[in-house]
Amino acid sequence: MTAIDSVIEKLRTIVGDGGLIVDPTQMQPYLQSWRDNWIGKSPAVVRPASTGQVAAVVKLCADTGTRIVPQGGRTGVTGASQPHGDSSEIVLSLERMNRIRSLDLDNDTLTAEAGCILEEVRAAAQNAGRLFPLSFGSVGSCQIGGNISTNAGGVNVIRYGSTRNLITGLEVVLPDGRIWDGLRSLRKDNAGYDMKQIFIGAEGTLGIVTAAVVRLFPYPRGSAMAVLAVSSPAHALGWLRRLKARFAEELTSFELIQRLCIEVTRKHIPGIPEILAEVAPWYVLVEVSGQDDDFSLKSALEQELEAGFSAGEAVNATIAESRQQEQSMWRLRESIPEAHKSEGASFKHDISVPITMIPEFLTRVESELARAIPNLRMFTFGHVGDGNLHFNPLMPAGVEPGRGDLQRVNTIVHDIVASLGGSISAEHGIGRLRREELVKYKSAVELDMMLTLKRAFDPMNLLNPGKIFTDELVRNSGRS
Ligand SMILES: Cc1cc2nc3c(=O)[nH]c(=O)nc-3n(C[C@H](O)[C@H](O)[C@H](O)COP(=O)(O)OP(=O)(O)OC[C@H]3O[C@@H](n4cnc5c(N)ncnc54)[C@H](O)[C@@H]3O)c2cc1C
């Protein structure tokens with residue numbers, strides 16, 4: 001019996017036959033990502049059903065030097081939840097840990113196990129008359145543990161913040177197998193370092209999240225939505241300023257969409273209607289919601305659009321007349337990534353810059369890219385109210401990228417981002433996709449602080465190795 005066979009047999013005694021997959025065909029879905037661009041190999045997928053089982057699995061791995069890839073819903077887009085191709089890592093899926101443990105309505109918190117699907121957490125909150133505001137296109141497949149580990153953002157960050165702002169406590173299995181019970185539901189807690197924040201956005205490299213306490217909000221009584229046709233990103237920012245001033249916290253989404261995104265989405269996704277009768281270079285999807293009713297919010301939105309129009313901010317807009325129309329607007333927005341995937345070769349970036357810098361970023365990047373690769377098709381959308389764009393230009397139809405194009409495009413985009421004080425990863429994380437660039441764009445001091453944490457928590461580099469940092473970087477770090 002080989003060493004890994006012996007580990008697998010011990011895993012079986014911990015999680016039982018139902019918690020272990022070794023058949024290559026059954027393992028397949030766990031080895032690939034949503035976009036199919038990350039595909040790995042593994043000797044086993046282990047699916048513990050309790051925190052105790054996770055701890056026992058991790059302890060066994062620590063004792064035997066076995067590497068682990070923690071896995072949620074596999075919707076991450078940076079190759080962080082797939083094993084490498086050498087079959088050296090087991091996959092630890094949290095999917096069987098999917099219970100809502102408790103709900104405290106006076107405290108406005110809910111405790112969920114890491115494997116709960118985001119949509120189910122939202123539904124549990126809604127059934128109790130509360131809102132859990134985290135939401136985006138993969139809501140029906142991603143897990144709360146994955147959301148925490150990527151510090152996911154989405155369409156409501158402008159009002160509620162990203163996942164980091166939505167968590168009051170965590171339960172985590174550390175790389176040596178100890179359980180940290182940090183399931184606090186406190187609004188205020190300054191008793192030393194805030195350890196939960198270390199694990200949020202850590203992409204499974206510091207510990208395995210097994211449960212979390214999430215913050216809930218009053219469920220909005222009303223909402224209103226509009227689509228605005230705008231001439232440029234600067235024009236969109238003018239509207240952002242105006243709507244923020246009028247609606248403050250009631251402005252819950254402000255999404256920018258380039259024209260080509262609409263055309264590609266309508267081409268690949270059946271049943272998507274035209275966004276507006278008027279064809280414009282850019283559109284903005286606006287949602288306001290809060291404790292006012294639909295009618296009041298809709299009237300206020302109408303008034304504000306008219307006021308802007310009178311002040312010379314030319315706009316062609318439509319306000320959703322029904323919930324169904326609102327849903328149809330959201331469906332269009334949420335279908336863009338899926339349609340983009342079907343349209344062929346592209347270069348993807350998830351960048352953020354200070355909101356004020358969005359127009360300058362787009363002007364500079366589009367002009368430099370036009371010189372580097374003629375006829376690139378600009379495909380930009382995103383959470384512009386947070387300064388976050390998915391800048392994903394498509395190759396000309398039928399043309400494949402040449403050798404070196406990917407690196408050339410990434411360098412142009414990310415150098416401009418860095419020069420504007422931005423980030424090369426706004427909400428998707430680093431994974432394997434951006435780990436070389438992380439070294440380029442983080443200062444030596446910041447990188448050293450990150451690697452010091454990694455070594456302190458996971459000295460044997462067993463948890464999600466090769467993600468965020470290369471193995472080599474971790475191995476060589478800390479040597480004077
Ligand atoms: C159509 C579509 C739209 C999307 N839109 C957005 C968006 O608007 N905003 C956004 O932020 N993201 C978006 N994403 C990306 C993705 O959905 C999020 O990153 C999501 O949070 C990942 O959750 P997951 O459960 O699928 O995690 P996975 O992909 O399984 O894992 C992601 C990372 O978390 C780690 N991990 C997973 N579970 C745990 C755990 N319990 N403990 C420790 N580590 C763990 C993994 O090792 C990996 O590093 C989108 C993806 C798709 C496919």
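Remember, it's 1-based here, ligands and their atoms both numbered in the order they're listed.
Near T150, with a cut-off below 4.0 Å to any heavy atom, the atoms of ligand 1 are 19 (O), 20 (C), 21 (O), 32 (C), 33 (C). The ligand atoms of ligand 1 that sit less than 4.0 angstrom from a heavy atom of A152 are 11 (O), 21 (O). The ligand atoms of ligand 1 that sit less than 4.0 angstrom from a heavy atom of Q143 are 24 (P), 25 (O). Close approach to E203 involves these atoms of ligand 1, each under 4.0 Å from a residue heavy atom: 47 (O), 49 (O). Atoms of ligand 1 found under 4.0 Å from any heavy atom of A80 (numbered from 1 in listed order, with element): 47 (O), 48 (C), 49 (O).
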field: Intermediate values then yes/no, salt bridge (charged side-chain N to carboxylate O under 4.0 Å, His left out), D350 and K348
entry: CA-CA 7 Å; D350 162 42; K348 289 179 282 301; over 6 Å; no
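In terms of protein heavy-atom proximity, atom 20 (C) of ligand 1 is closest to N147 ND2, 3.6 Å. Remark: minimum distance from atom 31 (O) of ligand 1 to any protein heavy atom is reached at S81 CB, 3.4 Å. Among all non-hydrogen protein atoms, the one lying nearest atom 35 (C) of ligand 1 is S149 CB, 3.6 Å.
Contacts between V209 and ligand 1, counted as non-hydrogen atom pairs separated by less than 4.0 Å, involve both the backbone and the side chain. No part of E334 comes within 4.0 Å of ligand 1, judged by heavy-atom distances. Contacts between N464 and ligand 1 below 4.0 angstrom, taking non-hydrogen atoms only, involve the side chain exclusively.
In summary, E338 and K267 do not engage in a salt bridge, as defined by a charged side-chain N under 4.0 Å from a carboxylate O. Note on D17 versus R12: salt bridge recorded, some NZ/NE/NH1/NH2 to OD/OE distance being below 4.0 Å. Under a 4.0 Å N-O distance rule, the pair E326/R323 qualifies as a salt bridge. Taking a cutoff of 4.0 Å between a charged side-chain nitrogen and a carboxylate oxygen, E203 and K467 do not qualify as a salt bridge. We find that D189 and K196 are not joined by a salt bridge, their nearest charged nitrogen and carboxylate oxygen being 4.0 Å or further apart. Between E287 and R333 no salt bridge is recorded (no basic side-chain N to carboxylate O distance below 4.0 Å).
Heavy-atom proximity to atom 47 (O) of ligand 1, evaluated over G73, G145, P70, G204, is greatest for P70. Considering each of S138, G140, A211, the one bringing a non-hydrogen atom nearest atom 3 (C) of ligand 1 is S138.
Where the criterion is an N or O separation shorter than 3.5 Å, residue side chain and backbone included, G76 meets it with respect to ligand 1. Polar contact with ligand 1: absent for H390 (N/O pair, distance under 3.5 Å).
Closest heavy-atom contact between N156 and P133: ND2-O, 2.8 Å.
Here the side chains of F254 and V384 are in contact, with some heavy-atom distance below 4.5 Å.
Within the 4.0 Å heavy-atom cutoff, E338 does not count among the residues contacting ligand 1.
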